[in-house]
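First the structure, in the form of structure tokens, and then the observations on it.
Keep in mind the model is a prediction, meaning the values are calculated, not measured. Every chain is numbered from 1, with letters handed out A, B, ... down the list of sequences.
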Amino acid sequence: MMKKYEHSEIEKKWQAVWERDALFKTGERADKEKYYLLEMFPYPSGKLHMGHVRNYSIGDVAARFLVMKGYNVLHPMGWDAFGLPAENAAIKNGIHPYIWTKENIKEMRTQQKQLGFMYDWDREVATCNPGYYKWTQWIFIQFYKNGLAYKKKNPVNWCPSCETVLANEQVVDGCCERCGSAVGKRDLDQWYLKITDYADRLLADLDTLDGWPAKVKTMQKNWIGKSTGAEVDFPVTNSDKKLKIFTTRPDTLFGVTYMVLAPEHPYVKELTDGTDHEAAVTEFLAQLQYLSDIDRNSTTLEKEGLFIGRYAVNPLNGAEVPIYIANYVLMDYGTGAIMAVPAHDTRDFEFAVKYELPIIPVVDPGDPAIDVNDLKEAFVAEGTMINSGEFNGKNNKEAIADIIEHLETTGIGTRSVNFRLRDWLISRQRYWGTPIPMIHCPNCGWVPEKEENLPVLLPTDVEFSGKGESPLTTSKSFRDTVCTVCGGPAEREIDTMDTFLDSSWYFLRYCDARNDGEIFDKDKAKYWMPIDQYIGGVEHAILHLLYARFFTKFLCDIGWSPVAEPFTKLLTQGMVLKDGAKMSKSLGNVVSPEEIIEKYGADTARLFILFASPPEKELEWSDAGVEGSYRFLCRVYRIVGDYLAIAAAGSASPTGSASKNLTRAMNAAVKKVEEDVGRRFNFNTAISSIMEFVNAMYKWKDAGGTDAALAKQAAETLILLLSPFTPHICEELWEAAGHTASVYGEPWPSYDEKALELDTVEVAVQINGKIKARLNVAAGLTADALIENALASESVAPLIAGKEIVKKIGVPDKLVNIVVRG
RNA sequence: GCCGGAGUGGCGGAACUGGCAGACGCACCGGACUUAAAAUCCGGCGAUCCUUACCGAUCGUACCGGUUCGAUCCCGGUCUCCGGCACCA
């Protein structure tokens, strides 16, 4: 064993050994319980950042621990390899996206190996490989065949100067990120997936995910945004049209004083063309066109509206109310039209005040401080119904069901549910993504590519000019094809898929990553799924995790996925901060993993990251903290060396109470690490208990400990406990302890509950809840015996002399509380 | 605005089920070793007060109140910070 801890030498040595022995290769086994552990795969942007290091360190500790606990652990890694940055690099530097991506993957894979992360590399996937995206295309075709993929017109961001489509994130303050020109809109036919068909199940099944943070479940709940209410038809005066609205407040139907249409509502033109109001309406719509989506949807935007000269009839009471168009009503939610009840809706109230529309209260707050006939703001809480005919006097919340019942029996309206969640627009006017495997035939319309022809390969004869609708239009070989139905000439879809599709099913592919004949073997997926523990950044709390759940449910419905929910337990790790802010190039507060590995080694980097903060919390980077972690590893290296020397000396003389303390510290550490890693992923407290054990080891040595057997046991236990966290130094020390096989072939140490017992314990004695004395008593006394002891003790007796004892509470091995009066 | 989460020493954090607040580490201070320094090992380290010192007392987990023998933990209210959603009818 080397005198000094030479991290760089040790780490290279063991990384090579692990690579040679393919230590972490996994297969299906009947003799062991499976555990599927997964961290979110990275986008290959170039190099690992500290967030990656944290994510994979957490996963690696869990993986190594579970292996030692005897599980058959699947722990794979891959690359979310399609996306915009690769294409931007191509436009800027003339490097093909494929080359750029492959080089980045190579670099990042090397870094992962340098950090000692343990994966089954035989299962590695990259979403940009044809062998992978073939199956992404296959899934799309299954969606299409099941009626869950469809085309619809939707406006995209269009830069008139670059003559190209821009992603939302390429639009900065309404201008093109590259050239700065004002961004306009252009309508394109685009593909959608009907995720809304799964909205109810995606919502309901959240309740089954006990292993997910409440925060993430709430975020998904809000995102899906289920609202229950009713649709009601309002006949339009002097017309055969009926205006259908959605409301969650049928109890306020009698308070409707006007209607509002979204500006894009088809009725707007139909009801105003050829009338006196046509010109004004046209101008109003024209002005709205200039607003960006962000402004249009802003809550701070002043509400603007216009009366369109038509009226609708309230089907409940026959009242005739004016119809407006206004910027605060959205076409893509509900029916694109609302009934306005200014008395009981804040937005309607604001609008009614501005345009001097009547405000009719229909819910009485029953609060003398509020004058319902002179409301200062909308009253939105619970109350008693008034001005509402037969429903007067009822509690408004309770009356909702009655009113919906009434609407349905009279044919005026129906019970209805609406979701905030929209269908998923998946078309991207980009090159570097999975080609959408659809063909447009002039005779047959849209038809899918034949499954046996997959993958539809990305062509290489493409120009990256940064111009045009999609780079794929520049490839002659790609676009022209034949119809799979009639055989006539046809054209391929030239858009590619949103990269979120690629990452919505990769975890299933890991179960059988090299299968070329089908998406995966069902038996293998059945063996491994679901993922027992998923680990990643909270920034994916909504989109990625929702899409992955959607895909899994769909694949389950068509008989492929063995489970309907992919992730049993979810851990969302906190961000890595420096000087209180997220590390970023623009702030200049980036610490690169490379420099830390170089200076202190991977083990130190991992130890610091795991020790400084619990995984789900933010982690503040501290150079001094890194230094401290490094010092601790040096301390470990030295004490293990000392202990192995004591063991080699072969003395058998036990060293009394000092040895008992060491044995207790050792067993306590085993228990604590077992619980903190196995049960709650609190690596920071697990490490602190190992530090306490190391401190106890130094104490024992200082006290002159010579017992060879105990020294060997303590040293080896320390190595085993630390091995999930800092694998390289532990393999090195394990070898120094005389072992020839890897430490990861060892079982996790067990602890002896008996060794944790103390002979005497210190208990606190409280008088009226305040600590007044401490007593050393035999451990394990009952509450009564403890109280007797306390009352009799010379430090407590004077404190209660002459006072009336009202109550006595004893907590074994902890405390006594005596309540006295007088 | 709505929905979450958090607030503990100089700092990161611990206290898991209502039972001794501040484990462990960082920083700092002191001692040993050394010609010296670094490294290392050992010890101290919430605040205020009392005391020569020892001993001790009081306060203390954002703030105000409640429940309880006992509250960092449970309940009600307030403030601040962070995150998500945001004209969703």
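- Here N695(A) does not reach the OP1 or OP2 of C24(B): none of its side-chain N or O atoms lies under 4.0 Å away.
- At the phosphate of U58(B), OP1 or OP2 sits under 4.0 Å from a side-chain N or O atom of K772(A).
- Among the heavy atoms of the strands lying under 4.0 Å from V811(A) is at least one base atom, whether or not backbone atoms are also near.
- Taking the side chain as every heavy atom from C-beta outward, F254(A) and I360(A) never approach each other to under 4.5 Å.
- Comparing the same atom, P, in G9(B) and in C73(B) gives a spacing of 15 Å after rounding to whole Å.
- At a threshold of 4.0 angstrom between heavy atoms, the contacts of K617(A) are confined to the sugar-phosphate backbone, with no base atom among them.
- Side-chain contact between P315(A) and D233(A) is absent, with no heavy-atom pair separated by less than 4.5 Å.
- Applying the 3.5 Å distance criterion, the base of C69(B) shares no donor-acceptor pair with the side chain of K808(A).
- Considering only side-chain N and O atoms, R631(A) lies under 4.0 angstrom from the phosphate OP1 or OP2 of C26(B).
- Among the atoms of the strands shown, only primed sugar atoms or phosphate atoms (P, OP1, OP2) are found under 4.0 Å from some heavy atom of Y698(A).
- Using a 4.0 Å heavy-atom cutoff across all strands shown, R680(A) reaches at least one base atom of the nucleic acid.
- Remark: the separation of the P atoms in C28(B) and A86(B) is 47 Å, to the nearest Å.
- In the interface, the side chain of N817(A) is paired with the base of C69(B) through a donor and an acceptor atom under 3.5 Å apart.
- Here F681(A) and F683(A) bring their ring centres to under 6.0 angstrom of each other.
- For K807(A) and C69(B), the shortest distance from a side-chain N or O to OP1 or OP2 is below 4.0 Å.
- With the nearest nucleotide of RNA chain B identified for both I771(A) and T335(A), I771(A) has the one nearer the 5' end.
- Contact check, R635(A) against C41(B): a side-chain N or O comes under 4.0 Å of OP1 or OP2.
- Rounded to a whole angstrom, the distance from the P atom of U67(B) to that of U80(B) is 28 Å.
- Between Y333(A) and F246(A), the closest side-chain pair of non-hydrogen atoms falls below 4.5 Å.
- Two residues are said to be in side-chain contact when any heavy atoms from C-beta on lie closer than 4.5 Å; F608(A) and Y600(A) fail this criterion.
- E618(A) comes within contact range of the sugar-phosphate backbone alone, with a heavy-atom separation under 4.0 Å but no base atom that close.
- Rounded to whole Å, the P atom of U48(B) lies 31 Å from the corresponding atom of U40(B).
- Using a 90° window around 0 for the glycosidic torsion, G46(B) falls outside it and is classed as anti.
- Two residues, D345(A) and R638(A), neighbour RNA chain B, and the one matched to the more 5' nucleotide by heavy-atom proximity is R638(A).
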